[in-house]
Amino acid sequence: MKSTRGMTLILAMLLTSSVLVAGCSAMTKTTSAASASDASQTVTDSTKAAAADDSLAKVKTAGTLILGLDSAFPPMGFMNDKNEIVGFDIDLAREVTKRMGIELKLQPIDWDSNVLELNSGNIDCIWNGFSISEERKAEVNFTDAYMQNRQVVIVRGDSGITALADLAGKTLCLQAGSSAADALASHADFKASLKNVVELSDNVTAFMELEGKTSDAILMDEIVAAYYITQNNKDYKILDESLADEQYGVGFRLGDQSLRDEVNNQLKAMAADGTLAKISDTWFGKNVTVIK
Amino acid sequence: MNFNVSLSAMDYSSMVSFLLEGTVKAVELFFLTIVLSLPLGLLVARLRLSKIMVVQIPIKLYLLIMRGTPLILQLMFFMFFPPLVLGIPVDRFTVAVFSFTVNYAAYFAEIYRGGIESIPVGQQEAAYVLGLSPLQTFMRITLPQVVKRIIPTIANESMTLVKDTALASVIGVTELFRNAESMKATYFSVVPIAVAGLFYLIMNSVVAAFYSRVEKKLNYYKG
Amino acid sequence: MPMDEILSVSHVSKSFGELDVLKDMSLSVSRGEVVSVIGPSGSGKSTLLRVVNQLERAESGLISVCGRVLCQNDDKGHAVYADKETLKSIRLSIGLVFQSFHLFPHYSILKNITEAPVLVLKKSREEAEDTARELLKKLGLSDKESAFPYQLSGGQQQRVAIARTLAMNPQMIFFDEPTSALDPELTGEVLKVIRSLADEHMTMVVVTHEMAFAGELSDRIIFMDQGVIIEEGAPEAVFSSDHERTRQFLQHYSK
């Protein structure tokens, strides 16, 4: 009797855990890093997509494009003082959807789950200062780059630091899991020269460390840095030397080629007729867009 | 760079109103979870005490998984497993309520079970001998006493639930914590976080006061 | 079964795992009789009461209560129990008072007494409360009707337990060591109640250690040891018995 009961219990646990593992691996499959099989999968997907891709049709029928963002990322997508979601990316998206003749719906998501949200159909695109990278291209179908960005170092105005070399033996902080972290990883020498690298949950905390002199420098997106410095009138400086150049793109599901192409074409049209430059001017005082 | 879109320094009324919106969401999440998980937990407790193996083993497995894995992972599982693997679309607030309910029901089930097993079996024997049916015995004799015994523990769990509503932010529910994070980015300040903390404290003070009243009301007898 | 036989236990056996607690036990009680059961602990006295009151199941034997069969043997000698309705009606015709009273702590004294009549006998609350108040008056506990068990002494609680049983109008009442959990000065009030029930010709089986009381009140005394009846008979006969084990046991009790 005892052994039968034990066996049943073990079997039940195995069954459930295998279901869970299957589920988790199904989820992680969609977010795994690039590999040979995945690359060929992507090729197959897009050829399949070209043949039978109704992503654009679906969105037009629904009459809405759902944009996923972390609404705490000024100036690309954030809350203004009237508690509305605004931002450079939002303005671009509004113009694009206006031209497509559909509505724009803004869906706040948890940034760490952005690709999961995309693949599960909760959102149609990721449009939130989304940096294009080789790893991400394996999971996400990007438009052409629409904006240039750099990973730059910010220091206190009175620190006397003017070049990356001056940071030897000092403490640098950045947002964990961001492209800043990736940029630093690819500059091994510079990283090694630092006394300490502190990973924080977000950039506001990073600025608090800089202010409180717990850290000597922050590595982050130039766009966001410039925004914070201007908004808050801080005496911080951005070093000329940058660590990485990157570009922002809009991310779609791998199979949604027709939708991606439509948005891409709209952006190009906006570049051609000067709308893009106008929006950029409103936010940044100059044209920082790169779409031609 | 020059930004022409200006932001007034800390517009308190709009920041607080946005946090209040998040608080309302958190309160909705709390109430729905409590209302659903308390009865569900009782049902699970009864099933757990069943002598039928086919019933008892899956229940024990459910209890193990729910209490043995992080709630935050469970939230993500229920949010992304259905659409990605089963092709079923889900609504994020519904997922949050479902996930919290199913998780807290497991904790409540074990609390109920402990309470039920602490009632002296002699009372059930006395009821049996007097002719009460098992259902009558459970509903009128056992359960009322169990409720009184478990109130302090249920109060604890409820206060934890109020704080756990913050976890719903990982599946994009715009509750208090997420809204506070947004405000933090908007105003480049941690004041919204502090205000959110205050709101959680107020919510839990209400919860604590409520259970305290219930305890007092049930104190008309000892034993 | 004789006309006035109210309880018949015939060759009943009960074991808990390896332990044989009742071994081929037989006894019979007539209507209006008061029978005391005495014996050392572990002799099976409580188990006997619990089996008759359906708190335990006998393995073999015949038990019949108030003319209805509770259980009887099949052709393999295993006890087969009656259907649910019969079992329930048997349960309602007898009562059991526990050593630890087991009142319902969350009910007032009044409600403790009225709950079963209302729920099971479907009496109206008013009717049940009237009966309850009469019982409390008889027992001298009228002023306690709104109190809760925790506010009463052990003796008072046990008297309430007896009232609770009486409210169901049983044809016989079993007492499982009704005074063993009480302080000595409180046993008197409970014994007084049992005595008055005997005066009213209530059929009773009382498991007790109170030898004086047993001797004074009982029509018959049964001495049990290790699951069997060693002796039974009128009190004088049992108390002056020549039987080895009976004498050994009675030595511990002074009259």
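In what follows, every chain begins at residue 1, and chains take the letters A, B, ... in the order their sequences are listed.
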Worksheet item: Please walk me through it: do A/Leu254 and A/Val140 pass side chain to side chain contact (heavy atoms under 4.5 Å, CB included)?
Response: CA-CA 5 Å; A/Leu254 286 173; A/Val140 160; 5.6 Å; no
Practice prompt. Show your reasoning for whether ring pair (Phe, Tyr, Trp, His ring centres under 6.0 Å) applies to A/Phe78 and A/Tyr227.
Written response: CA-CA 12 Å; A/Phe78 64 106; A/Tyr227 179 78; 5.6 Å; yes
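Only the side chain of B/Thr174 comes within contact range of chain A, with at least one heavy atom under 4.5 Å from a heavy atom of that chain. Of the two parts of A/Asp112, neither the backbone nor the side chain holds a non-hydrogen atom closer than 4.5 Å to a non-hydrogen atom of chain B. At a 4.5 Å heavy-atom cutoff, the contact between A/Glu117 and chain B is made by backbone and side-chain atoms alike. Only the side chain of A/Pro74 has a heavy atom closer than 4.5 Å to any heavy atom of chain B. Only the side chain of B/Val190 comes within contact range of chain A, with at least one heavy atom under 4.5 Å from a heavy atom of that chain.
The greatest number of non-hydrogen atom pairs below 4.5 Å with chain B, out of A/Pro108, A/Ser120, A/Ser71, A/Gly121, is found for A/Ser120.
Between A/Phe252 and A/Cys125 the shortest heavy-atom distance is CE2-CB, 3.6 Å.
With ring centers used as reference points, B/Tyr200 lies 6.0 Å or more from B/Phe177.
The pair B/Glu175-B/Arg178 fails the salt-bridge criterion, with no side-chain N (NZ, NE, NH1 or NH2) lying under 4.0 Å from an Asp/Glu carboxylate O.
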